[in-house]
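Just follow the structure's listing: the first ligand is 1, and inside any ligand the first atom is 1.
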Amino acid sequence: FEHSSMTSIIAIPAFNDNYIWTIRRGGDAAVVDPGDAAPVQEYLARERLALTAIITTHHHADHVGGNKALLERHAVPVFAPAREQIPGATTMLTEGDRVDVPGVEVTLHVLDVPGHTAGHIAYVGDVDGPVLFCGDTLFAAGCGRLFEGTAADMWSSLGKFARLDPATRVYCAHEYTLANLRFAAVAELSNGAIAVRIDAGTRKRTRNMPTLPSTIALELATNPFLRAGEPNVRKAAESHAGTALARPVDVFAALREWKNSFRG
Ligand code: ZN
Ligand code: FE
């Protein structure tokens, strides 16, 4: 039995549509947002890997629900947002902090990205190219719901992602891509890149493959929540809201409201 000395990122599916992203190198593995311990334990056993760290983006149960059970079996650090209560947290993080993830030889940099939750953080690093672990802030062709933040908070958080290297691979925590694209196609009727992405995504889901990771470039081209400054997106949002929307943040807020009630 041989382990690869390359660092790679794989998806452990959990619940209906969560992905527990797992960074592995040699015999070591670190998990991002383990909402459920069982599929992680199963994967570690099958691949003969030792858990070296738990990395957390925000406090929701589908992201931290597995921490306690994993910590009973593995004494590992839990990297966590400083402003939230995370089970087993050992290292409290805010924007500008740096994490050297044990075992897997990856360094992550922390961004504060409030909106979905008030203390939500994201991690940027390099694993064979730039990568982003964004939890429930940015989704493929979508974004998280505003449970604890304002539209202005989320717009500013998404702006941080928009300024990353376009080649950055985006590891979102949920498989929401096709539903999000159905909304994107209505929010920006003239965007041919959305239709192309629906075809590619449908082929993957038909074979039960993740549509993720995405890239920042692809999000900038197809995600209506990053495209609130585009005239056609503004027009669609204005016509749905029945009012003029002066600034991109107003367009964003109207899109988020619209999506909440959208049944594609
Ligand atoms: Zn969440
Ligand atoms: Fe979630």
Side-chain angles (χ1 to χ4, degrees), residues 9-23 30-40 43 54-70 78-89 92-95 108 110-124 131-158 160-161 169-181 183 201 205 210-214 219 223 225-226 252-253 255-257 259-262:
I9 303 173
I10 65 98
I12 299 176
F15 308 119
N16 279 336
D17 51 33
N18 282 71
Y19 292 126
I20 300 169
W21 294 107
T22 302
I23 310 170
V31 290
V32 181
D33 288 353
D36 192 2
V40 174
Y43 181 79
I54 293 172
I55 300 163
T56 311
T57 64
H58 70 293
H59 68 81
H60 285 159
D62 63 310
H63 299 254
V64 304
N67 285 17
K68 192 168 166 285
L70 288 173
V78 177
F79 300 102
R83 296 184 181 90
E84 301 197 343
Q85 297 289 334
I86 305 297
M92 313 305 270
L93 302 167
T94 56
E95 182 153 314
L108 299 173
V110 176
L111 294 173
D112 286 329
V113 288
H116 177 69
T117 63
H120 200 304
I121 62 174
Y123 300 85
V124 178
V131 297
L132 167 67
F133 298 100
C134 53
D136 287 353
T137 298
L138 177 65
F139 293 125
C143 74
R145 285 175 186 257
L146 305 177
F147 288 119
E148 300 174 11
T150 64
D153 292 334
M154 186 61 119
W155 177 245
S156 139
S157 295
L158 293 176
K160 294 180 184 180
F161 297 156
R169 306 197 304 281
V170 179
Y171 293 89
C172 323
H174 290 272
E175 179 63 64
Y176 290 158
T177 311
L178 291 181
N180 286 342
L181 284 166
F183 176 74
R205 294 311 292 148
T211 58
L212 302 169
S214 175
E219 294 314 314
N223 188 324
F225 296 99
L226 294 179
F252 171 80
L255 286 172
R256 189 54 269 181
E257 286 269 312
K259 173 73 164 54
N260 289 345
S261 58
F262 181 77

Partners of A82 by side chain to side chain contact (heavy atoms under 4.5 Å, CB included), sequence neighbours excluded?
-> M92, T94
List for me each residue that meets side chain to side chain contact (heavy atoms under 4.5 Å, CB included) alongside N260, sequence neighbours excluded, and say none if there are none.
-> R145, R256
Number of protein N, O or S atoms [distance to the Fe ion (ligand 2) under 2.8 Å] = 4
So among D136, D153, T137, which one has a side chain to side chain donor-acceptor pair (under 3.5 Å) with H116?
-> D136
Intermediate values then yes/no, side chain to side chain contact (heavy atoms under 4.5 Å, CB included), F252 and L158 | CA-CA 10 Å; F252 171 80; L158 293 176; 3.6 Å; yes
Take Y43 and I20, measure what side chain to side chain contact (heavy atoms under 4.5 Å, CB included) needs, and give me the verdict at the end.
-> CA-CA 11 Å; Y43 181 79; I20 300 169; over 6 Å; no
Looking at H63 versus H174, is the centre-to-centre ring distance below 6.0 Å?
-> yes
Between H59 and E148, is any side-chain donor less than 3.5 angstrom from a side-chain acceptor?
-> yes
Take F161 and L226 through the side chain to side chain contact (heavy atoms under 4.5 Å, CB included) test and state the conclusion after the steps.
-> CA-CA 9 Å; F161 297 156; L226 294 179; 5.6 Å; no
Separation between CG (D36) and CG (L70), nearest 0.5 Å, reads 9.0 Å
Going by chain and residue number, what protein N/O/S atoms come nearer than 2.8 Å to the Zn ion (ligand 1)?
-> H58 NE2, H60 ND1, H116 NE2, D136 OD2
